[in-house]
Protein chains: 2
Amino acid sequence: MRELPSLNHCSTCVYKNLLFGNLNTEDLNFLNESKKEIEFKKGEIISEEGTEITSFLYLKQGLVKLYKKNPLHKDQIISIAKPRDFVSLLSIFSESTYKYSISALEDTIVCSVDIKAMKDVISRDGKFAIEILNKMSKMYDDILETRFEINKKHLRGRIAYILLYFSNHIYQSDEFDIPISRREIAELIEMTTENVIRILSEFRKDSIIKIDGKKIYLLEPERLESICKLG
Amino acid sequence: MRELPSLNHCSTCVYKNLLFGNLNTEDLNFLNESKKEIEFKKGEIISEEGTEITSFLYLKQGLVKLYKKNPLHKDQIISIAKPRDFVSLLSIFSESTYKYSISALEDTIVCSVDIKAMKDVISRDGKFAIEILNKMSKMYDDILETRFEINKKHLRGRIAYILLYFSNHIYQSDEFDIPISRREIAELIEMTTENVIRILSEFRKDSIIKIDGKKIYLLEPERLESICKLG
DNA sequence: TTTTAGATATGATATATATCATGACATTTA
DNA sequence: TAAATGTCATGATATATATCATATCTAAAA
């Protein structure tokens, strides 16, 4: 974890319009004052459940996982967040401590704004509040829908789903380095690690995919689509 | 469905402080103008996914289910809402049409405020916006947590969970008329109807519960607790 | 370097759950 | 009223999944 020198002002940020597009200059300056850009190395924890919420986080670069720790040594991964996602949006407005942990799956740059400053701006700019409501609602809906979708599928369908997820939503490519371990896949789609490995091997033997360590090639994405759809 | 004559003003409503406690008189009058109280009979649909969102709903009396319709004739029940719950909070700020359906499990009275009026007030009162954010976030977190909790349990644990849920959270009693069918229990805790019935019978044979049609008596709630906890 | 721990891999087996079949009973519909 | 439909109930069976055991390979630690 390393704080980066603050080079650009929020007002000139390429991502400004994602959320701050309609803020007035005064509020934008106000938020910019507490703004920090922080770099996290792969594996580092960005925020930990139970600790105090001090900032509103925005993912600028990299990839992170949101998860809930489990005493029995197997976590529950809730979702994967990618650049442009407001990773801290879950529960920061209802709790004073994080309900979920966030850690970096790749080297990641996070933009951080003081949570109090953020709430101040929301309090005086209702239009901004509506936008936050909108973003938050979308994020939760998306997670919920994904959860239901995964749970109603059989294991093969889940593996197909997650492979297509990385291919279509994260990397926009039929080949990619999968950023999480087999065990983390298991934690994300609720099955055992052994079965993740087994079914990946199965897909490999059926020539649906090619595996080379972390590198995965989707040889027949259409077949994955149909396995995913049929559950 | 029947609109009730409007007797009391929002300012004198016993539930005012749940959300409207800090609104100024002007805004409260404004919301009150579009306010309607509507009665739904058991089984009636309160709002249907895909239809346009026109109002912000608040459950005053009764019990409802939030669910997602499934083409394959088995719905997914997302949660049960009880008096004091803001049942329409899911997705009304991110979508123009409902993502979920809501229907009455018992005779229910719903308080309805025009969604546009609601957004107007949020836009001009940021403190109110923060409260909405808070309520919404809590509701989603709760649903998500429940989902994870249910899914990691075995079927017996799920049945124990849902019995305790009705006992502790809805009826505050060890005996109650269960307001949903076996099939709906299945839709809520993601298992087959046959297994719901089977396991309820099992609990009955083990004298953990007594069943008389819809009437359920928790004879040994402590044993249910432990079955629930152990999964 | 050696040792240790973790990740990947696979097989055998146990177990949990779904599916299919059938019947009784209750409730709605014709 | 009878017929039809849905709910509750239970058993037999098939299937999906977890668990346990073991091996190899890799990466981290001593």
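Just so it is clear: chains get the letters A, B, ... in the order the sequence lines come, proteins before strands, and each one is counted from 1. This is a predicted model, so every value here is computed, not measured.
Below 30°, between 30° and 60°, or above 60°: for F86(A) and F56(A) the angle between ring planes is between 30° and 60°, a tilted geometry. Taking the six-membered ring where tryptophan is involved, the planes of F176(A) and F166(A) are tilted, since the angle between them lies from 30° to 60°.
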Would E190(B) and R147(B) count as a salt bridge (Lys or Arg N to Asp or Glu O under 4.0 Å) if you check the C-alpha gap in whole Å, the side-chain angles of each, and the deciding distance to 0.1 Å? CA-CA 10 Å; E190(B) 300 183 61; R147(B) 260 20 273 191; 3.2 Å; yes

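One atom, CD1 of I227(A), and another, P of dA16(D), lie 14 Å apart when rounded to the nearest Å. Summarising the geometry, the separation between CD on E194(B) and P on dT13(D) is reported as 17 Å, rounded to the nearest angstrom. For N195(B) and dA14(D), the CG to C1' distance is 14 Å, given to the nearest whole Å. I197(A) places its CD1 atom 6 Å from the C1' atom of dA9(C), with the value rounded to the nearest Å. A straight line from CZ of R183(B) to P of dA9(D) spans 16 Å, rounded to a whole angstrom. When rounded to the nearest whole Å, the span between CZ of F203(A) and C1' of dA9(C) equals 17 Å. Rounding to whole angstrom units, CZ of residue R198(B) and P of dT7(D) are separated by 18 Å. Atoms CD1 (I178(B)) and P (dC8(D)) sit 10 Å apart, rounded to a whole Å.
Side-chain atoms of Y140(A) and D141(B) form a donor-acceptor pair, as typed in the model, at a separation below 3.5 Å.
Taking only side-chain nitrogens and oxygens, R204(B) comes nearer than 4.0 Å to OP1 or OP2 of dT10(D).
Within residues 146-164 of chain A, no residue is approached by DNA chain C to less than 4.0 Å at the level of any non-hydrogen atom. At a non-hydrogen distance threshold of 4.0 Å, K214(A) from residues 206-215 of chain A come into contact with DNA chain C.
For D107(B) and K42(B), the salt-bridge test fails: no basic side-chain N is under 4.0 Å from an acidic carboxylate O. Looking at R183(B) and E187(B), a side-chain N of the basic residue comes within less than 4.0 Å of a carboxylate O on the acidic one, giving a salt bridge. Between E175(A) and K210(A) there is no salt bridge, since no side-chain nitrogen of the basic residue lies less than 4.0 Å from a carboxylate oxygen of the acidic one. By the 4.0 Å N-to-carboxylate-O rule, K229(B) lies too far from E225(B) to be salt-bridged with it.
Atom CG of D75(A) sits about 12.5 Å away from atom CG of L66(A), to the nearest 0.5 Å.
Of the two residues near DNA chain C, T193(A) and T192(B), the one whose nearest nucleotide lies more 5' is T193(A).
Of the candidates dA9(C), dA21(C), dA18(C), dA18(C) carries the atom nearest the M191(B) side chain, counting heavy atoms from C-beta on. Of the candidate nucleotides dT10(C), dA9(D), dA18(C), dT10(C) has the atom lying nearest to any side-chain atom of S201(A). Between dC8(D), dA12(C), dA9(C), one nucleotide has an atom nearer to the side chain of S181(B) than all others, and that is dC8(D).
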